[in-house]
Amino acid sequence: MLQQRQILQDWTRVTDFDVGDSELRTFEYHVVAVAEIGRVTLTIKCLDEGLKTVRLDPTDVSADDQQDFADIAARRVRQLYVRGII
């Protein structure tokens, strides 16, 4: 059976995001909920200079964090940068 997904935040692009050390990154994020299993997933697409996807990063979040989705995405992108993943 196909699960019903609800888009809580459609794809949103963030350009020239300062990840630290004067480094800038571009990424997109969106959030979907699957009510049947109570799961909310924030997915980040990290983009290269040609705007091609270089990494997908799905992360489970709380539905209560709706107003903080942008902040969660920003923190996650900084973590990926610090770890040398992007």
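Because the structure is predicted, anything quoted here is derived from the model rather than measured.
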Problem set entry | Trace of the side chain to side chain contact (heavy atoms under 4.5 Å, CB included) decision for Leu56 with Thr43 | CA-CA 7 Å; Leu56 281 177; Thr43 301; 4.2 Å; yes
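- The aromatic rings of His30 and Trp11 sit parallel to each other, their planes meeting at less than 30°, with 60° as the upper class boundary.
- A single hydrophobic cluster is seen to contain both Val14 and Val19, as judged by linkage of ILVMFWY side chains at heavy-atom distances under 4.5 Å, directly or through other members.
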Derivation of the side chain to side chain contact (heavy atoms under 4.5 Å, CB included) call for Phe17 and Thr26:
CA-CA 6 Å; Phe17 178 71; Thr26 296; over 6 Å; no
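- Residues that satisfy the side chain to side chain contact (heavy atoms under 4.5 Å, CB included) test with Thr12, not counting sequence neighbours, are Gln9, Tyr29.
- The side-chain heavy atoms of Ile85 and Arg55, taken from C-beta on, include a pair separated by under 4.5 Å.
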Exercise. Could you give me the CA-CA distance, side-chain angles and deciding distance for Thr59 and Arg76, then say whether side chain to side chain contact (heavy atoms under 4.5 Å, CB included) is met?
Key: CA-CA 9 Å; Thr59 305; Arg76 184 70 186 137; 3.9 Å; yes
Take Val77 and Ile44 through the side chain to side chain contact (heavy atoms under 4.5 Å, CB included) test and state the conclusion after the steps.
CA-CA 8 Å; Val77 168; Ile44 298 169; 3.9 Å; yes
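- Hydrophobic clustering, with ILVMFWY side chains joined whenever heavy atoms are under 4.5 angstrom apart, groups Leu8 together with Leu42.
- Nearest heavy atom pair, residue Tyr81 against residue Gly20, reads OH-O, 3.8 Å.
- Inter-residue side-chain proximity for Leu47 and Arg25 is flagged as unmet; no heavy-atom pair is nearer than 4.5 Å.
- Annotation: side chain of Asp57 is not in contact with side chain of Cys46 (no heavy-atom distance under 4.5 Å).
- Side-chain contact check for Asp18 versus Leu24: some heavy-atom pair is nearer than 4.5 Å.
- Looking at Asp21, its side chain never comes within 3.5 Å of a backbone N or O of Glu23 through a donor-acceptor pair.
- The 12-atom threshold is not exceeded at CZ of Arg5, counting heavy atoms of other residues, nucleotides or ligands nearer than 6.0 Å.
- With rounding to the nearest 0.5 Å, the separation of OG1 in Thr15 from CG in Leu51 is 9.5 Å.
- The two atoms that bring Ala33 and Val40 nearest to each other are CB-CG2, 4.0 Å, heavy atoms only.
- Formation of a donor-acceptor pair under 3.5 Å by the Asp68 side chain with backbone atoms of Asp71 is not found in this model.
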